[in-house]
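Report on the structure given below.
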Amino acid sequence: MKLGLKKFYKSYLIALSIFCAIGLGIFLIFFFTLSPLDGATMSAIILLGVGGLMFVANEGFFDIFSYGFRQMFCSMFGKKANACNDFPGYKEQKRISREERPKLYLSALVVGVIFLIVMLVLRISALTL
């Protein structure tokens, strides 16, 4: 993991800044329309949800759907109709390509947890007032 962090340092930094900007945007929208607590809550929920979906997609949950569409279009429009008939090979190819890419869902989850902590601090401070 440490090698991956050094290798993809710029990718993680860019993704972290993008997710911070998205979370801050959501927070400000809800801050000015409803309340700061709702802004932090919605930012945390949305970022943790997006990070969770990115994690599930990275683990290969949706591979069967992408393989099905690929096989359908290959058989309908491809010149070689049976070129896409190997799901275990396709799954292994996707696994290998995922190991070589950064795990950007970690950035979304980290920023989501930060907004969750902000939400808890706001909730505790609202209870004491």
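Note that the structure is a prediction, hence the values are computed from the model and not measured.
Taking both residues in full, the closest heavy atoms of Leu34 and Asp38 are given as CB-OD2, 3.5 Å, listed atom of the first, atom of the second, then distance.
Note that CG of Asp63 and CD of Glu92 are 11.0 Å apart. Values are rounded to the nearest 0.5 Å. Between the CZ atom in Phe8 and the CD1 atom in Ile14 there is a gap of 13.0 Å [rounded to 0.5 Å]. Atom-to-atom distance recorded for Ile18:CD1 and Leu104:CG is 9.0 Å, nearest 0.5 angstrom. A distance of 12.5 Å separates OG in Ser11 from NZ in Lys103, rounded to the nearest 0.5 Å. Separating the CD1 atom in Ile124 from the CE atom in Met119 is a distance of 9.5 Å, to the nearest 0.5 Å.
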Side-chain donor-acceptor pairs of residues 42-60 under 3.5 Å, sequence neighbours excluded:
from: Ser43; atom 1: OG; to: Gly23; atom 2: O; distance (Å): 2.9
from: Ser43; atom 1: OG; to: Phe27; atom 2: N; distance (Å): 3.1
from: Ser43; atom 1: OG; to: Gly39; atom 2: O; distance (Å): 2.9

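Below 30°, between 30° and 60°, or above 60°: for Phe65 and Phe62 the angle between ring planes is between 30° and 60°, a tilted geometry.
At a threshold of 4.5 Å between non-hydrogen side-chain atoms, the residues Tyr90 and Arg70 count as touching.
Applying the 6.0 Å contact sphere to CZ of Arg95 captures more than 12 heavy atoms from other residues, nucleotides or ligands.
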Test log, rule side-chain contact (heavy atoms from CB on, under 4.5 Å), inputs Tyr67 and Lys94: CA-CA 10 Å; Tyr67 174 74; Lys94 294 293 271 184; over 6 Å; no
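Phe61 and Ile96 are not part of a single hydrophobic cluster, where members link through side-chain heavy atoms under 4.5 Å apart.
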